[in-house]
2 protein chains.
Amino acid sequence: MLIRIDPRGSEPIYQQIVRELRRAIASGEVAAGERLPAARELARSLDVNMHTVLRAYTELRDAEVIDLRRGRGAVVLEQPTAAPEVGEAVAELLEVARRHRIPLSRIHQALDEGAQR
Amino acid sequence: MLIRIDPRGSEPIYQQIVRELRRAIASGEVAAGERLPAARELARSLDVNMHTVLRAYTELRDAEVIDLRRGRGAVVLEQPTAAPEVGEAVAELLEVARRHRIPLSRIHQALDEGAQR
DNA sequence: ACCTATTTGTCCGTATGTATG
DNA sequence: CCATACATACGGACAAATAGG
């Protein structure tokens, strides 16, 4: 698997790794069930520190993209395709906003603010 | 503000710090708007590394318990009281979107489409 | 049940960058 | 411009979970 980073870019290295791995997974370069390289190994091949890769891996675990465990490594999870949940959450938010008479523009704003954190 | 940790306990130090700070905030020892000690400072007083405290602070920020910014420090947030429903619906939608890895732009679009009906 | 290798988890220390006031 | 304080990255060390023999 090939991912590339730019150590001198303004984007933090660990975020670049997250982005690249997401891309590799989304594109099918790495299939569900496959294991990503060990953190130290990937770190060596990218010439960055182990902690930097581990931080990226931890983020991907939090986002439920990989299963990351001590002694086992990072295994790519099955990615859900259909998402009725999303439609439900949208409908719920719209309903709540309507009830409180909160303008849609304010909801968009709240989403962006929430997404930033 | 007084918090205590046990460096030899099985629970990771950074989690102990998170737990203790949550307790201190919940009990009112530290009020909303007040600033927590600087990471280095608290680290020194607990005799742990700065990173360990910073990791705890970062978790509290993710949990929206504090506002943590460089140059400013960690300020305890007002716990939302009014119309928590809206915030919850937003958080829920963001969570669902994150889980399904749907980009924020797509969520905005879905909101607009849903609002039209 | 035991031992060993692998791999992440946590913590320490240090250095440099960057936003805030 | 300057001091403060978090943000990122590096390197090293040891602990703990996992898997396999």
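Contact annotation: the side chain of A/Glu59 never approaches that of A/Ile17 to less than 4.5 Å [non-hydrogen atoms, C-beta and beyond]. Between B/Leu36 and B/Leu21 the shortest side-chain heavy-atom distance falls below 4.5 Å. Using a 4.5 Å heavy-atom threshold, the side chains of A/Val48 and A/Tyr14 count as separate.
Going from atom CD of B/Glu85 over to atom CD of B/Glu92 covers 13.0 Å, rounded to the nearest 0.5 Å. Separating the CZ atom in B/Arg69 from the CZ atom in B/Arg61 is a distance of 10.0 Å, to the nearest 0.5 Å.
The NE2 atom of A/His51 sits 12 Å away from the P atom of C/dT10 (whole-angstrom rounding). A/Ile13 has its CD1 atom 13 Å from the P atom of C/dG17, to the nearest Å. Atom P of nucleotide C/dT7 and atom OH of A/Tyr57 are separated by 11 Å, given to the nearest angstrom. Here the C1' atom of nucleotide C/dC11 and the CZ atom of A/Arg55 are 16 Å apart, to the nearest Å. For B/Leu54 and C/dC12, the CG to P distance is 13 Å, given to the nearest whole Å.
A/Tyr57 is connected to A/Ile5 through a chain of hydrophobic side-chain contacts under 4.5 Å among Ile, Leu, Val, Met, Phe, Trp and Tyr, so both are in one cluster. Follow the hydrophobic side-chain contacts under 4.5 Å out from A/Leu46 and you reach A/Ile66 in the same cluster.
You can see that DNA chain D meets the heavy atoms of chain B within a 4.0 Å-exclusive cut from D/dT4 to D/dA9, reading 5' to 3'.
Across the interface with DNA chain D, nearest-nucleotide mapping of B/Met50 and B/Glu41 shows B/Glu41 to be the residue nearer the 5′ end. The 5' end of DNA chain C is approached more closely, in terms of each residue's nearest nucleotide, by B/Val48 than by the other of B/Arg40 and B/Val48.
For the pair B/Asn49 and C/dC11, the criterion of a side-chain N or O lying under 4.0 Å from OP1 or OP2 is not met.
Ion pair A/Glu41/A/Arg44 not flagged as a salt bridge, since none of the NZ, NE, NH1 or NH2 atoms sits closer than 4.0 Å to an Asp/Glu carboxylate oxygen.
At most 12 heavy atoms of other shown residues, nucleotides or ligands fall within 6.0 angstrom of atom CG in A/Asp47.
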Please tabulate the protein-to-nucleotide N/O contacts below 3.5 Å involving nucleotides 19-21 of chain C, giving atom names and distances.
| from | atom 1 | to | atom 2 | distance (Å) |
| --- | --- | --- | --- | --- |
| C/dT20 | O4' | B/Arg70 | O | 3.3 |
| C/dG21 | OP1 | B/Arg72 | NE | 3.4 |
| C/dG21 | OP1 | B/Arg72 | NH1 | 2.9 |

